[in-house]
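Everything below concerns the one structure shown next.
FYI, side chains are in, hydrogens and waters are out, and symmetry mates aren't considered; it's all heavy atoms of this structure.
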Protein chains: 2
Amino acid sequence: MQLAAVLDAGGVSEGAALLGMTQSAVSRSLSMLEARVGEPLFLRGRRPLQATTLGTQLAVHGRAILTASRRATDAVQGHLKGTSGMVRVGGVPFFMDALVSQMIASFHRDEPEITVQQSYGNLPDLVSSLDARLIDIGIVPIGSAHPGGAYEFIDILPGRNVVACRTGHPLLKRPHPQATDLAAFPWIAPLPGSPLLTDLQMILLSIGLSELNIRYSGGSLMSVVNFLADSDALAVLPFSVLFALRKDNRVTVLPFAIPQPDRSLGILRRLDSPRSPAAERFSQHVIRVFGDLKHTIQRHENAVAWAGPDEAFPPRP
Amino acid sequence: MQLAAVLDAGGVSEGAALLGMTQSAVSRSLSMLEARVGEPLFLRGRRPLQATTLGTQLAVHGRAILTASRRATDAVQGHLKGTSGMVRVGGVPFFMDALVSQMIASFHRDEPEITVQQSYGNLPDLVSSLDARLIDIGIVPIGSAHPGGAYEFIDILPGRNVVACRTGHPLLKRPHPQATDLAAFPWIAPLPGSPLLTDLQMILLSIGLSELNIRYSGGSLMSVVNFLADSDALAVLPFSVLFALRKDNRVTVLPFAIPQPDRSLGILRRLDSPRSPAAERFSQHVIRVFGDLKHTIQRHENAVAWAGPDEAFPPRP
DNA sequence: CAGCTTCATAGCAAAATGCTATAATCGCTA
DNA sequence: TAGCGATTATAGCATTTTGCTATGAAGCTG
């Protein structure tokens, strides 16, 4: 580091000043380095100081160490102030892809120094990831089965599922689609482990059918949307996810009321985990953006003319 | 560095072993680092050791320092053994482009760890570069004017100039071209400062003309060759340079004997400069390759049916 | 809960590192 | 080339850091 500083500054005294040290200290340690190497590192008595080839080469590595060292102190200071750092976020795939990824982008605009590490998983995986401290926060839908006292759960969006179809789907032309109509079309099943899977079975029950015509399952959100848009298939999706996709105008809500899960999307974190300022800021950001989003989503929901099998499943107010 | 090693190895003891230290030393310094930072860097009591986000981030920089440090020791060891290092070579443009650049390539095949830094210059520039220790060796043509006792000059190729023209040049059809024939064509002048410029004037004198028809001057070798190949112009070039270009079959030797300079291409270096093994190896390589080349060049020279203004300038034996 | 492994802490010696003060050297100019 | 101004090397000393061995504490495993 001293070699690099000295060569960059053009002299021992200047280099020492650059490092906040005295000239003598730098002079000695460089002499010792030369002695250890057994070769001169620079040519004495020249202004500006000339390095030997070996000196030049070593200075390259010294510069690397110097910058790494500076970055390390920056990382620590940023971490303590919360202006930089790292958040490891795990979440359920669909929400991450549709909503959280955009929030990460907007978060990065505000806090460019904070690294966000995203990972996917369903509730059990995310809980064990939290336990193993592999992630700092999880963004998951949680129902009545609370995960226990070791966790904090911050509610950010009520769960609300809808039936999704492509824009221009034949069923959209009917004023009041019936359950039997829905059963006539192929369905997309969510990934195993997804809460949407149980939701789908709930719907089956409520409709009174024993089985749906599952034609596709197991894809990411992008795959599902692509499939939906290019076919007449139907899928159960969170309304907020569809809301996030409204700009594309490829998929939309089928106005058919279905039983709603008693579930909320929220931020899950361990109470005992050392909460870093970066994670704190990210959580606040997500909560704020979802808070802003909630009203817009609500308006869009109310704009749908719902129809359903009976009055047992009205849209939430 | 210790943090990185410990996290990579998966434990304090393993990390210490990786660094060739005892476990206790590493344990203590990491504790001190944690105290300094004021935050835990890893979660105690977990196998394999889990880092906090800050620990992970700092480890990144630690790894950078670790690799830089390793590379530095490699650089030193390589320098001492001569298997790695850096040579700064300066040379006259035409020889560098035609011959030395290829030798640098073949040298790099043998010694991939040695960096070669090439620069251009004519004799005076190269001497001052040597004095300023900006280059380690110079590859220059030197005549009777020896540069002085502070330098070592190793002869590698006798100077031998020829008139060059494109293949298919009209003059090639004549069995014995005369001086007046040559004067009828445009000429390419070498860059100012090049020894070839004085050579060209020598030729003028010997031919008995006061001036040649200079149509182009000041280009690099590639420019000169391109110009030669696409015109009927003539140029004075070292035979070895033309030899190196024989594969392209674009330019060739005009069999017209011209006065030869009392000059040799050779390696110039300061006697007092700290001679690195890398520079030593490079010099040896250049000398060896030129040594091999010399005989081939000689054969090609002898194959030319020379003709000239008189017997004063016969081809060298 | 014993046994094994791993990590943290003491205690001590050696080395490295820092400073101030001072000598030696170098480059430049008159 | 002598001298000046600036820069670099060395001395001497105090402090900190670093290393080791030995030993205690804590965690997993069967």
Per-nucleotide protein contact string for nucleotides 10-24 of chain C, where B marks a base within reach and S marks sugar-phosphate only (heavy atoms under 4.0 Å, - for neither): -------BBBBB---

Atom [atom1] of [X] to atom [atom2] of [N]: distance rounded to whole Å?
{"X": "Leu43(B)", "N": "dC28(D)", "atom1": "CG", "atom2": "C1'", "result": "17 Å"}
{"X": "Leu19(B)", "N": "dT18(D)", "atom1": "CG", "atom2": "C1'", "result": "14 Å"}
{"X": "Phe42(B)", "N": "dT6(C)", "atom1": "CZ", "atom2": "P", "result": "16 Å"}
{"X": "Gln50(A)", "N": "dT8(D)", "atom1": "CD", "atom2": "P", "result": "13 Å"}
{"X": "Leu30(B)", "N": "dT18(D)", "atom1": "CG", "atom2": "C1'", "result": "13 Å"}

For a quick test of reading the model, state the closest non-hydrogen atom pair linking Thr56(A) to Ala51(A) and the distance between them.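 Shortest heavy-atom contact: OG1-CB, 3.7 Å.
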
Looking only at non-hydrogen atoms, find the nearest pair between Asp136(B) and Ala279(B) and report the distance.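 For Asp136(B) versus Ala279(B), the nearest heavy atoms are CB-CB, 4.3 Å.
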
Could you check whether Asp199(B) pairs with Arg263(B) (Lys NZ or Arg NE/NH1/NH2 to Asp/Glu carboxylate O, under 4.0 Å)?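 The answer is yes: the pair qualifies as a salt bridge.
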
Do Arg281(B) and Gln284(B) make a side-chain contact, defined as non-hydrogen atoms from C-beta onward lying under 4.5 Å apart?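 Not in contact.
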
Please classify the nucleic acid contact of Ser27(A) as base, sugar-phosphate, or nothing, using heavy-atom distances under 4.0 Å.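 Base: the residue Ser27(A), judged by heavy atoms under 4.0 Å, touches a nucleobase.
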
Does Arg71(A) CZ have over 12 foreign heavy atoms under 6.0 Å away?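 Not buried by this count: 12 neighbours or fewer within 6.0 Å.
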
Using side chain to side chain donor-acceptor pair (under 3.5 Å) as the criterion, list what pairs up with Ser283(B), not counting sequence neighbours.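 Per chain and number, Ser283(B) pairs via side chain to side chain donor-acceptor pair (under 3.5 Å) with Arg269(B).
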
